[in-house]
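Taking it in order: structure first as structure tokens, then the write-up.
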Amino acid sequence: MPIAQAKRKLEGRDPAIIRMDHEKYEVISARIMDALENMVDTLEPTGIDEAFFDLTASTTGDYAKARERVASIKKAIFDDEYLTSSVGLGRSKAVAKLGSDMSKPNGLTVVLPEETAKFLAPIPASKLYGVGPKTSASLTEMGISTVAELTMAEPAELERRFGRKFGGYLLAVATGMDDGKVTKGLEPTQFSRIVTLKQDTRDPKEILDQLSGGIDYVHEKLAASSRSFKTITAIGVLIDLSTRTKSRSLETPLDDPTTLRGSILSLFEELGKSTGKDFRRVGIRVSGLSATGTQGSLNEFLRLAR
DNA sequence: ACAAGCGACGC
DNA sequence: CCAGCTTCGCTTGT
């Protein structure tokens, strides 16, 4: 069972990533995302102007068909919104991503499955999806700079340095065998706002004052999406840019701004004490979001039931 | 299973 | 390029 499924994944999927060359304009982006949803099998937005999508089923894994489909998608976006897009088509998310990077602006790069190894070999490992500055530095220490070199690394050493999961991912992604599926986009799970203080401080009153607009913003986001939060977090960024947080979970989700202000004030009192240093930037985050409507009627029900 | 805290990555 | 925002994973503790 795992084998059959893995094989299907390995041979069958053509995720592609699309990137619009003109950013901004959330509204336009949302409109395009909506349109895209009807043109692909699965759409996974990964940012305001990017999304992975899968065409495996509707093209029966045929890359020629997939290329035509992508071309028509690019044309639709251009016709509707006068925006160009850059797309990579390949056998894994990471390959598709690299292809789209390479194709911009307004391009389409197709990496056939049998070309994958040759395509990946000379690329710097630092360009791989999921490999950032920290991982790059570690790889450099190991004498690894290209993807080809990464494929030849000792699996045991990768696992030792990066852990079983991420080490395994690195090896997989280097061979184009990363098998992360394209999944449907999810609802947001948190909202946050961070501001830079006029002067470094740990004084809760001063922080609340300067963060006030941020609290309003978060509350507006909650209201706009009819959501309540279960957890509220005070975020403090120190001068060295390290982050300290203090969070509190409620028994019942709330969305009321007064609670928000009161909680954030006491959280910053605690955070300032435990940290013992001034903050350069401060923020608020709400998470554990749930639909306010549903929760409200549940509360109503419980109240009436009594 | 959930809560809390931290860090890395990507956009 | 940076700042700000989001998501995810790891770790520890209950």
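Here is the naming used below: chain letters follow the sequence lines, and residue numbers restart at 1 for every chain.
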*Side-chain N or O of A/Ser192 less than 4.0 angstrom from OP1 or OP2 on C/dC5?*
no
*Counting side-chain heavy atoms from CB outward, which of C/dT7, C/dT6, B/dG5 is closest to A/Thr189?*
C/dT7
*Could you tell me which nucleotide pairs with C/dA3 by Watson-Crick or G-U wobble geometry, both distances under 3.5 Å, or answer none if nothing does?*
none
*Should A/Arg193 be listed as having a side-chain N or O under 4.0 Å from OP1 or OP2 of C/dG4?*
no
*Which sits closer to the 5' end of DNA chain B, A/Lys230 or A/Thr243, going by the nucleotide each is nearest to?*
A/Lys230
*Using purine N1 to pyrimidine N3 plus N6-O4 or O6-N4 for Watson-Crick, or N1-O2 and O6-N3 for G-U wobble, both under 3.5 Å, which nucleotide pairs with B/dA4?*
C/dT11
_Side chains of A/Asp41 and A/Ser58: any donor to acceptor distance under 3.5 Å?_
yes
_Phosphate OP1/OP2 of B/dA4 contacted by A/Ser249 side-chain N/O (<4.0 Å)_ = yes
*Considering heavy-atom distances to DNA chain B, does A/Leu271 or A/Phe166 have its closest nucleotide positioned more toward the 5' end?*
A/Leu271
*Salt bridge between A/Asp256 and A/Arg261, side-chain N to carboxylate O under 4.0 Å?*
no
*A/Lys230, NZ: over 12 other non-hydrogen atoms inside 6.0 angstrom*: yes
*Using a cut-off of less than 4.0 Å, is there contact between a side-chain N or O of A/Lys246 and OP1 or OP2 of B/dA4?*
no
*What distance separates A/Leu260 CG from A/Leu211 CG, expressed to the nearest 0.5 Å?*
9.5 Å
